[in-house]
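What follows is a single structure, written as structure tokens, with notes after it.
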Amino acid sequence: VQLVESGGGSVQAGGSLRLSCAASGYMVGPYLMGWFRRAPGEEREGVAVIGNDGSTEYAVSVKGRFTISKDNAKNSLDLQMNNLKAEDTAIYYCAASSREYYGSRWALETQRLYDSWGQGIQVTVSS
């Protein structure tokens with residue numbers, strides 16, 4: 001399994017970015033996937049997850065601003081980020097599970113569910 005993130009960069013507060021994670025050796029449709037992030041000096045945390053049935057769960061800090069989705073035709077996982085804030089600055093990671101789970105708070109908080117991880121991509125939001 002290989003996961004490659006793209007779409008990161010620098011943006012001013014209030015702006016938008018769209019992250020994409022291209023998967024190879026893996027089908028995004030049937031399995032649990034998610035986006036995680038690590039801010040400077042912090043532990044990696046769950047941002048958003050999407051289950052095999054399309055169910056989603058978001059961190060409280062991003063709910064209403066971020067949207068996670070799968071593109072089965074492109075075999076990719078996307079994260080649309082709107083109204084970005086300085087506290088969203090972090091390295092963002094795509095993660096894939098081999099489990100056919102639905103999106104839930106537990107899936108958001110349990111990183112051991114995910115078997116494969118991307119290399120990460122930087123998102124910087126300036127205020």
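Just so it is clear, the structure is predicted and the values come from calculations on it, not from any experiment.
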Looking only at heavy atoms, the pair that brings Tyr114 and Ala107 closest together is OH-O, 2.8 Å
Between the OG atom in Ser6 and the CZ atom in Arg18, the distance rounded to the nearest 0.5 Å is 10.5 Å
Does Ser97 reach the main-chain N or O of Leu113 with its side chain, forming a donor-acceptor pair under 3.5 Å? yes
Verify, without hydrogens or angle tests, whether Glu42 (side chain) and Ala90 (backbone) share a donor-acceptor contact under 3.5 angstrom. no
In this structure, NZ of Lys85 is separated from OG of Ser127 (nearest 0.5 Å) by 13.0 Å
Please check if any side-chain donor atom of Asp78 sits under 3.5 Å from a side-chain acceptor atom of Gln80, or the reverse. no
In this structure, CD of Glu45 is separated from CZ of Arg38 (nearest 0.5 Å) by 10.5 Å
Donor-acceptor pair, Asp71 side chain versus Ser76 backbone, under 3.5 Å?
no
In this structure, NZ of Lys70 is separated from SG of Cys21 (nearest 0.5 Å) by 11.5 Å
Rounding to 0.5 Å, atoms CD (Glu57) and OH (Tyr102) come to a distance of 10.5 Å
Self-check item: pair Met27-Asn72: side-chain heavy atoms closer than 4.5 Å
Solution: no
Does Gln119 use its side chain to pair, donor to acceptor, with the backbone of Val4 at less than 3.5 Å?
no
Here the gap from Asp88 atom CG to Thr124 atom OG1, rounded to the nearest 0.5 Å, amounts to 11.0 Å
Nearest heavy-atom contact between Gly103 and Ser55 is N-OG, 2.8 Å
Item to complete: In sequence, state the C-alpha distance, the side-chain angles, and the governing distance for Gln122 and Thr89, and then conclude on side chain to side chain contact (heavy atoms under 4.5 Å, CB included).
Response: CA-CA 8 Å; Gln122 179 70 47; Thr89 295; 4.0 Å; yes
Connected to Leu77, directly or through other members, by ILVMFWY side-chain contacts below 4.5 Å are Val1, Leu3, Val11, Leu17, Leu19, Tyr26, Val28, Tyr31, Met33, Trp35, Val47, Ile50, Tyr58, Val62, Phe66, Ile68, Leu79, Met81, Leu84, Tyr92, Ile121, Val123, Val125
The salt bridge (Lys or Arg N to Asp or Glu O under 4.0 Å) partners of Asp115 (sequence neighbours excluded) come to Arg99
Tyr93 meets the ring-ring contact (aromatic ring centres under 6.0 Å, His included) criterion, sequence neighbours left out, with none
